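Below is one structure; the comments refer to it alone.
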Amino acid sequence: MNYSTEIDRKWQKHWDEINIAKFDETRIDQKLYVLEMFSYPSGANLHVGHWYNYGLSDSWARMKKMQGYEVFQPMGFDAFGLPAENYAIDTGIHPKDSTESNITKMEEQLKSMGGLFNWDHELATCRPEYYRWNQYLFLQLFKQGLAYRKKAPVNWCPHCNTVLANEQVQADHTCERCGTIVTKKNLTQWFFKITDYAEELLEKLPDLDWPETTKKNQANWIGRSEGAEITFQAIQNDHDLIDENGEQLKLKTFTTRVDTLYGVVALVVAPESELCELLTTPEQAAEVKAYQAKTLLMSDIDRTSTVLEKTGVFTGSYAINPINNHKIPIWTSDYVIAGYGTGCVMVVPGHDERDFEFCTKFDLPIIPVIADPEDPENTELPYVKYGILVNSGDHTGKTSEEAMQEIVAELAMDNLAEEQINYRLRDWLVSRQRYWGTPIPIVYCDQCGVVPVPESDLPVELPYDVDFTPDGESPLSKHAGFMNTTCPNCGGPAKRDPDTLDTFVCSSWYQFRFVDNKNDQTMFDKTKVNKMCPVDHYIGGAEHTTMHLLYSRFITKALRDMGYLDFDEPFQALTHQGTILGADGRKMSKSIGNTISPDAYINKYGSDTLRLFLAFAFSYVDGGPWNDDTLIAITKYMGRIERFVAELIEQIEQKDQSLLGTWAADVNFDPWHSTDLTKAEKELNRVKNYTIKEVTRDADKFQFNTSIARLMELLNALQDYVKEENVKLDLVYQTVSDYLRLLAPFAPHFSEELWESLGHQNTSIFYEKWPEHDEKALITDTVEIAVQFNGQLKGRINIANDAKQPEVEEQLKAMPEFITWLGDKTVRKIIYVPGKIINVVAN
RNA sequence: GCUCGUGUGGCGGAACUGGCAGACGCAACGGACUUAAAAUCCGUCGAACUAAACAUUCGUGCCGGUUCGAGUCCGGCCACGAGCACCA
């Protein structure tokens, strides 16, 4: 046939005509929702990474379809976002225009890949039909108090000219998107209250069929920490401090080590916390102000540098330690973070490294209160492990574990302590000072304040004629027609919110919209989504662990609690594909010049060649370096299949012109049971059934490389068999028929073409049933096992497959080599593992 | 610093529950076919020792342990990668 892109196109057209990717609602009980993370419609052609992700998960989905599942595999576009806007700034081409044309181009490309995507359910997040419901989601969260506005020091990327969520700032304080060092700005922004779900987000992780590392990283990000909140009374000039409501000012501190409470020598508040102002005495005001100013100027990088020496200033106030009524000074220092816990920390230099450093620097006393149980006399400070309490009043002599319980219980009677759980996770900042995103459906009215846009007025359309030159201001704020509106409440003049939503909001619920993408009454139909979701298998890169994958889980839970759906998690199973590297083993990058464009390979070899190569040459979850040689090897493998099938057809037709048609028409064609099989035929049958078993098992767990290896073995076995005398063509035909079905998911166009040449007209191999193996065929008459002496391999023997241990022992002892192997040792025990090894223990 | 993951021939990678390490393929080498080449087909292919074969010994990052038996389990290192990191 000479496989090429011509063949690709022929079958793509055919699949289109027979609407093979259509979802049959009547078979919803067999539904299988397979989803690949949707992609950003960039101008360039599909790259190798797209192929690896979409091509091979499509193979998985195709196998599932043949196994009888009703597969739902939609495709769409994550179409809002910075690249289109930046492209517009460079070229003057409007984001809407470039994005829409990119979508058209990508649709074509995805079709040319041969993916079985359900285009009836396509969506693009930049279209009003979609972002209208994104705004609706925002309003529902707002109603629930899950979307709120606050002024806070937020991450600002000076290059992208926008704020970023915590999750979008990398560990080295650079922007996730552009790598620029992120700074802090004090701004009023919209947040989603993901912290309300911190506990459930953590708790439900073990039930997910996700990679363990991904779950660990999410757990790490959520950062649950158990401890207690201790209340200290603040005093100034020996009088209780009073807050603005005329109440005693109580300072709450979070600690995981209540057992060290007797060792507290000071409190430290974060310089940017409001407490700092309240606590500063007039005498200390100048010094504290200067320190606060200095802190604000420092970047997070400087501030969190571990080589940095501790700094700090005394506020002038004191606090009373509730456990022993000691009066301790209150300081401010930048090693305390305003956003975590209460922004106020008790300083225990004896048992915390940071506090130890701080107190050494400022000559504060160091009181040991925990002793090392191994060596209580010589406990080296700071001693940060659990131990035995010393210098701790009534609690002296107790273990840390005992003391923590007792101290909290004791102070709790006076409301001075309670058990507390803290999370590292912060609320999700969703405002962005950019143009190409979902407008926030809120107006600000001088009379009524913050007013949500009524749902009936949605969508708040993103205007087209906007000046989006980046200057740190939201582009929409410069568009008078957009900004000036009337208050839905009082009808007076009002302003719109000039910001747009983080694009991760779009992608946090798109998996539900896919199911019901044309609904113009609501986000999605609850009944439909409850039937179709959660997604059964989700496939995508590992870079979204603490962003998209966490946000989606949160939004799903929020939607559940608001009554929009009835399940807990969006993605039941998850697989991350690995990364394909350049041939040099480095990450593909335009600047290094080691990128591989799939197009040239496809034009030359056809799309299935690339797909098979990607399946065979890598372990799917690991990826690895590109290798032209292996790609050529795949073309040879495909050539062998092609020739084998062609020769088979020729031989069958030589024998009888009508035979092929007869066999093809017989759905239950199975010549294997009608005759006594020769040894060679039994062997072919064994390999065939083994292949069916293994290909199915391996492909099922995304281990495509070994699936292809087994298929190569079966081809070798077929070629061995046809060298025999008196070849039975019906057996070969049937084996090839199974072969093509097993190959079809990995080389869909190629297999269709061969399937057709085998006599199947006007149909599709994807309507065929996936082969099932016969366990009995795997059993051979004799089996070779290994002979070990004291676990060391000595030789091999053939035994009857049903031989029991005594017979095998007898057979072994009858061997001439047995005496040599045994030497002068005495047999103590013989271990026989059926079908595997026999091990003689001797000494 | 803490947490997690990975480490197997010249290369990509297999090895299911502790049971014959290196499947499958690439590269390499030898051969067949051919006037020749390409293509195709057949064979060899972890290391050491040996003239060679048989045999033997060693071999899954390193050291030790458990076990009749360890790539696989346990303890301790080393290297690389990822996540977190002044989170109290």
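Remember, predicted model here, so these are calculated numbers, not experimental data. Chain A is the first sequence line, chain B the second, and so forth, proteins listed ahead of strands; every chain is numbered from 1.
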Can I get a per-line list of side-chain donor-acceptor pairs under 3.5 Å for residues 336-345 of chain A, giving both atom names and the distance, sequence neighbours left out?
| unit_1 | atom_1 | unit_2 | atom_2 | d |
| --- | --- | --- | --- | --- |
| A:Thr342 | OG1 | A:Lys252 | O | 2.5 |
| A:Thr342 | OG1 | A:Cys344 | N | 3.4 |
| A:Thr342 | OG1 | A:Cys344 | O | 3.2 |

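- The side chain of A:Arg424 approaches B:C84 more closely than any other nucleotide in the set B:C20, B:C84, B:C86.
- If you take CG of A:Asn843 and C1' of B:C68, they are 11 Å apart, rounded to a whole angstrom.
- The main-chain N or O of A:Asp608 is found under 3.5 Å from a side-chain atom of A:Tyr3 such that the two form a donor-acceptor pair.
- Atom CD of A:Gln788 is separated from atom C1' of B:A70 by 11 Å (rounded to the nearest Å).
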Dot-bracket encoding per residue of RNA chain B, Watson-Crick/G-U cut-off under 3.5 Å, | denoting interstrand: (((((((..(((......[....))).(((((.......))))).(((.......)))..(((((..]....))))))))))))....
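- Sequence neighbours left out, the pairs with a member in residues 338-352 of chain A that pass salt bridge (Lys or Arg N to Asp or Glu O under 4.0 Å) are A:Asp352-A:Arg354.
- Among residues two or more places apart in sequence or in another chain, the side chain to side chain contact (heavy atoms under 4.5 Å, CB included) test is passed with A:Thr546 by A:Trp221.
- Using a 4.0 Å cutoff on non-hydrogen atoms, the parts of residues 208-219 of chain A near RNA chain B are A:Thr213, A:Lys216, A:Asn217, ordered by number.
- Look at CH2 on A:Trp626: it is 20 Å from P on B:G25, rounded to the nearest Å.
- Of the candidate nucleotides B:A88, B:C20, B:C26, B:A88 has the atom nearest to the side chain of A:Ser225.
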Could you list the protein-to-nucleotides 37-46 of chain B atom pairs, N/O on both sides, closer than 3.5 Å?
| unit_1 | atom_1 | unit_2 | atom_2 | d |
| --- | --- | --- | --- | --- |
| B:C42 | OP1 | A:Lys723 | NZ | 3.3 |

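- Between A:Tyr551 and A:Trp428, the ring centre distance stays below 6.0 Å.
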Every protein N/O lying under 3.5 Å from an N/O of nucleotides 13-15 of chain B:
| unit_1 | atom_1 | unit_2 | atom_2 | d |
| --- | --- | --- | --- | --- |
| B:G13 | OP1 | A:Gly623 | O | 3.3 |
| B:G13 | O3' | A:Asn705 | ND2 | 3.2 |
| B:A14 | OP1 | A:Asn705 | ND2 | 3.3 |
| B:A15 | OP1 | A:Gln703 | NE2 | 2.9 |

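- Checked against A:Phe613 for a ring pair (Phe, Tyr, Trp, His ring centres under 6.0 Å), the options A:Phe618, A:Tyr605, A:Phe704 give a single hit: A:Phe618.
- Distances shown here put every side-chain N or O of A:Asn627 at or beyond 4.0 Å from the OP1 or OP2 atom of B:G25.
- Applying the side chain to side chain contact (heavy atoms under 4.5 Å, CB included) test to A:Asn801 and every residue at least two apart in sequence or in another chain returns A:Ile779, A:Val783.
- For A:Tyr340, a side-chain nitrogen or oxygen approaches OP1 or OP2 of B:A88 to under 4.0 Å.
- Comparing B:U50 with B:C54, their P atoms sit 16 Å apart, to the nearest whole Å.
- For A:Gln805, the side chain to side chain contact (heavy atoms under 4.5 Å, CB included) partners two or more places apart in sequence, or in a different chain, are A:Glu809, A:Ile830, A:Tyr832.
- A salt bridge does not link A:Glu772 with A:Lys693: none of the charged nitrogens is closer than 4.0 Å to a carboxylate oxygen.
- Other residues, nucleotides and ligands place more than 12 heavy atoms under 6.0 Å from the CD atom of A:Glu724.
- Contacts classified as salt bridge (Lys or Arg N to Asp or Glu O under 4.0 Å) and involving residues 215-230 of chain A (residues at least two apart or in different chains) are given here: A:Glu199-A:Arg224, A:Glu212-A:Lys215, A:Arg224-A:Glu226.
- Atom name P, nucleotides B:G46 and B:G25: the rounded distance is 15 Å, in whole Å.
- In this entry the distance linking CD1 of A:Ile837 with C1' of B:U67 reads 12 Å, nearest Å.
- Across residues 816-834 of chain A, A:Ile831, A:Val833 each have a non-hydrogen atom less than 4.0 Å from an atom of RNA chain B (numbered order).
- Within 3.5 Å, a donor on the side chain of A:Asn839 pairs with an acceptor on the base of B:C68, or the reverse.
- Classification of B:G10 as anti follows from a glycosidic angle more than 90° from 0.
- When the C1' atom of B:A28 is taken as reference, atom CG of A:Asp629 falls 12 Å away, rounded to whole Å.
- Using atom C1' as the reference point in both B:U72 and B:G19, the two lie 11 Å apart (nearest Å).
- At the phosphate of B:G59, neither OP1 nor OP2 sits under 4.0 Å from any side-chain N or O atom of A:Gln792.
- Taking the six-membered ring for Trp and the full ring otherwise, the centers of A:Phe356 and A:Phe358 sit at least 6.0 Å from each other.
- B:A82 atom P lies 11 Å from atom CG of A:Asp172, rounded to whole Å.
- Legend: residues meeting side chain to side chain contact (heavy atoms under 4.5 Å, CB included) with A:Gln170, ordered by chain and number and at least two apart, are A:Asp172, A:Thr174, A:Glu176.
- Side-chain rings of A:Tyr52 and A:Tyr620 approach one another, their centers coming within less than 6.0 Å.
- Cation-pi geometry between A:Lys310 and A:Phe362 is not met: the NZ or CZ atom fails to fall both under 6.0 Å from the ring centre and inside 45° of the normal.
- Within the 6.0 Å centre-distance limit, the rings of A:Tyr601 and A:Trp626 are counted as a close aromatic pair.
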